[in-house]
Amino acid sequence: MTWKQVFTSSVGKKLVMAFTGIFLILFLIVHAGLNACIWANDGGEMFNKGAHFMGANVVPRILEIGLFVGLILHIVQGLMLELDNRKKRSVGYAVAYSDGSKWYSRSMGILGTLILLFLVLHLSDFWFPNRAHQNFVLGEEIDLYAKMKETFSVLWVVIVYVLGCLSLGYHLAHGFQSAFRTVGVHNRKYNLMLVSLGLGFSVIVTLLFALMPLSFYFGWIN
Amino acid sequence: MEHYNMNLTVKVWRQKNSKEKGGFESYPVKDISSEMSFLEMIDVLNEQLIRDGDDPIAFDHDCREGICGQCSMYINGKPHGAWKANTTCQLHMRAFKDGETVTVEPWRAGAFPVIKDLMVDRSAFDRIIQAGGYISVNTGNAVDGNALPINKDKADASFAAAMCIGCGACVAACKNSSAMLFLSAKVAHLALLPQGEPERKSRVLNMVAQMDKEGFGACTNTGACEATCPKEISISNIARLNQEYLVASLTADK
């Protein structure tokens with residue numbers, strides 16, 4: 001079995017989704033943790049220090065390349081799997097079957113696409129203007145806290161961000177436990193733990209991210 | 001439970017052969033006993049169709065006691081009907097109310113093409129088994145079955161996986177038409193036992209390759225298969241298969 005055969009098999013494709021998914025889950029912890037510095041309520045001083053470390057230091061910038069590779073692999077493989085799976089039943093059922101599975105488990109492709117659309121907006125709001133200001137090297141950055149304050153003063157942007165976070169939350173509610181099942185966690189003692197951890201993680205991450213634009217819009221922070 | 005008779009409308013998928021396009025036909029059936037099995041109700045309907053000079057409905061069945069895996073009807077939006085851990089032949093008419101319209105469809109999957117009406121070609125499952133669902137046995141005298149000690153928990157887990165009757169309800173229920181629950185049951189059943197050890201790595205690699213070749217979709221762990229399985233095969237077998245596949249692909253010699 002060559003590597004090509006492994007990674008083009010149905011299980012191999014799932015493994016790519018799971019490994020990149022777990023990697024992106026780890027990224028979300030870093031992202032949410034760093035952004036939570038806005039609640040230090042110090043006019044963005046602590047947040048900007050953290051953001052500066054991530055943007056002007058060579059190590060996080062190299063890791064950033066890895067993040068994009070992981071993200072693109074997850075998106076491309078995910079879309080290909082979704083399209084491929086849909087082709088496997090050319091004649092559908094007159095009465096649909098929905099037992100035993102949650103709507104968000106069956107809608108990972110749609111939720112993922114919504115997150116992708118949200119990401120385009122999100123990157124063009126923050127990441128792209130900041131990197132463009134740096135000429136895509138390690139130069140001077142923009143004041144990201146001020147940029148957040150400005151961006152989240154517009155109601156429709158806040159609504160889109162909250163909806164984006166909700167899509168992410170439901171994507172994680174299935175994705176978290178599914179990723180671990182895919183890498184082979186089958187022991188009964190871990191199954192319940194995985195589902196609870198996955199649900200807990202998705203609720204906490206959704207709340208943290210959604211509260212950021214809301215905090216700026218409603219003036220809960222300076 | 002009290003016995004009663006009912007009149008039903010059976011809306012059933014009719015398709016002449018694998019080439020022609022099919023469609024639904026509705027038939028009234030009268031005086032159906034609540035104690036009949038679903039297949040007996042279809043038998044009654046078929047006798048009625050034959051008397052009327054129509055073509056009877058083709059459907060797969062064999063043992064009619066829930067162990068052969070032949071019956072394969074998708075009834076009112078559920079593979080094998082509404083009862084849990086149950087096959088179509090063991091679904092009894094007391095599951096239905098008088099006057100109800102019952103919709104009966106064949107398994108729907110590209111890898112299970114319709115042969116006629118409610119019969120689908122499930123030989124893809126046979127080819128998956130041929131790809132690795134076997135063990136090597138030395139010729140000569142049969143070995144004493146009790147000579148080889150096997151951990152009780154593993155024996156139980158293996159037996160639970162071996163309960164799979166290969167009916168294909170998991171494929172029918174899965175939104176991706178994936179055969180992973182079937183495949184994982186077959187792989188787990190042998191991987192848990194010492195007898196399965198010699199072909200352990202090649203088995204999982206070859207069987208997954210054959211499953212993909214047959215045109216089944218990839219698993220996304222939704223859990224629909226486990227919910228519909230007449231033998232209650234656990235979805236944990238799929239995670240076990242994933243582990244077997246990961247280890248085999250990393251450590252196989254070629």
**Q** Please flag which part of A:Gln5 lies under 4.5 Å from any non-hydrogen atom of chain B: side chain, backbone, both or neither.
**A** backbone

**Q** Report the distance from atom OG of B:Ser249 to atom CH2 of A:Trp3, rounding to the nearest 0.5 Å.
**A** 6.0 Å

**Q** What residues of residues 12-23 of chain A make heavy-atom contacts with chain B at a cutoff under 4.5 angstrom?
**A** A:Gly12, A:Lys14, A:Leu15, A:Phe19

**Q** Give, for atom OG of A:Ser90 and atom CZ of B:Arg108, the distance between the pair rounded to the nearest 0.5 Å.
**A** 8.5 Å

**Q** Can you tell which part of B:Phe24 gets under 4.5 Å to a heavy atom of chain A, answering side chain, backbone, both or neither?
**A** side chain

**Q** Donor-acceptor pair, A:Tyr97 side chain versus B:Asn76 backbone, under 3.5 Å?
**A** no

**Q** Take atom OH in A:Tyr190; do more than 12 heavy atoms of anything else shown fall under 6.0 Å from it?
**A** no

**Q** Roughly how far, to the nearest 0.5 Å, is the CZ atom of A:Arg89 from the NZ atom of B:Lys175?
**A** 10.0 Å

**Q** So which residue, B:Ser202, B:Gly110, B:Cys219, B:Ala209, ends up with the most heavy-atom pairs under 4.5 Å with chain A?
**A** B:Cys219

**Q** Relative to chain B, which segment of A:Asn191 carries a heavy atom at a distance below 4.5 Å: side chain, backbone, both, or neither?
**A** side chain

**Q** Once rounded to the nearest 0.5 Å, what's the spacing between atom NE2 of A:His174 and atom OG1 of B:Thr220?
**A** 5.5 Å

**Q** What part of B:Ala172 lies closer than 4.5 angstrom to a heavy atom of chain A: side chain, backbone, both or neither?
**A** both

**Q** What residues of residues 224-237 of chain B sit under 4.5 Å from chain A when only non-hydrogen atoms are counted?
**A** B:Ala224, B:Ala227, B:Thr228, B:Ile235, B:Ser236

**Q** If you define the side chain from C-beta out and look only at heavy atoms, does anything of A:Val95 sit under 4.5 Å from B:Glu105?
**A** yes

**Q** Given side chain to side chain contact (heavy atoms under 4.5 Å, CB included), test B:Met180 with A:Val11 step by step and report yes or no.
**A** CA-CA 9 Å; B:Met180 279 289 271; A:Val11 181; 4.0 Å; yes

**Q** Is it the backbone or the side chain of A:Val6 that comes under 4.5 Å from a heavy atom of chain B, or both, or neither?
**A** both

**Q** Under the side-chain hydrogen bond (donor to acceptor under 3.5 Å, both in side chains) criterion, do B:Asp212 and A:Ser10 qualify, and how do the steps go?
**A** CA-CA 7 Å; B:Asp212 293 346; A:Ser10 56; 2.7 Å; yes

**Q** Can you measure from OG1 (A:Thr182) to CG (B:Asn221) and round to the nearest 0.5 angstrom?
**A** 4.5 Å

**Q** Is A:Ala96 close to chain B through its backbone or its side chain, or both, or neither, when contacts mean heavy atoms under 4.5 Å?
**A** backbone

**Q** Atom CZ of residue position B:Arg127 - does it have more than 12 heavy atoms of other residues, nucleotides or ligands inside 6.0 Å?
**A** yes

**Q** Looking only at heavy atoms, what is the nearest atom pair of B:Val208 and A:Ser9, with distance?
**A** CG1-CB, 4.3 Å

**Q** Which bit of B:Val247 comes within less than 4.5 Å of chain A, counting heavy atoms only: side chain, backbone, both or neither?
**A** neither

**Q** Quick one: pull up NZ in B:Lys78 and OG in A:Ser98 and give me the separation to the nearest 0.5 Å.
**A** 7.0 Å

**Q** Any side-chain to backbone donor/acceptor pair from A:Tyr93 onto B:Trp107? Under 3.5 Å, distance only.
**A** no

**Q** At their closest point, which heavy atom of B:Ala218 faces which heavy atom of A:Asn85, and how far apart are they?
**A** N-OD1, 2.8 Å

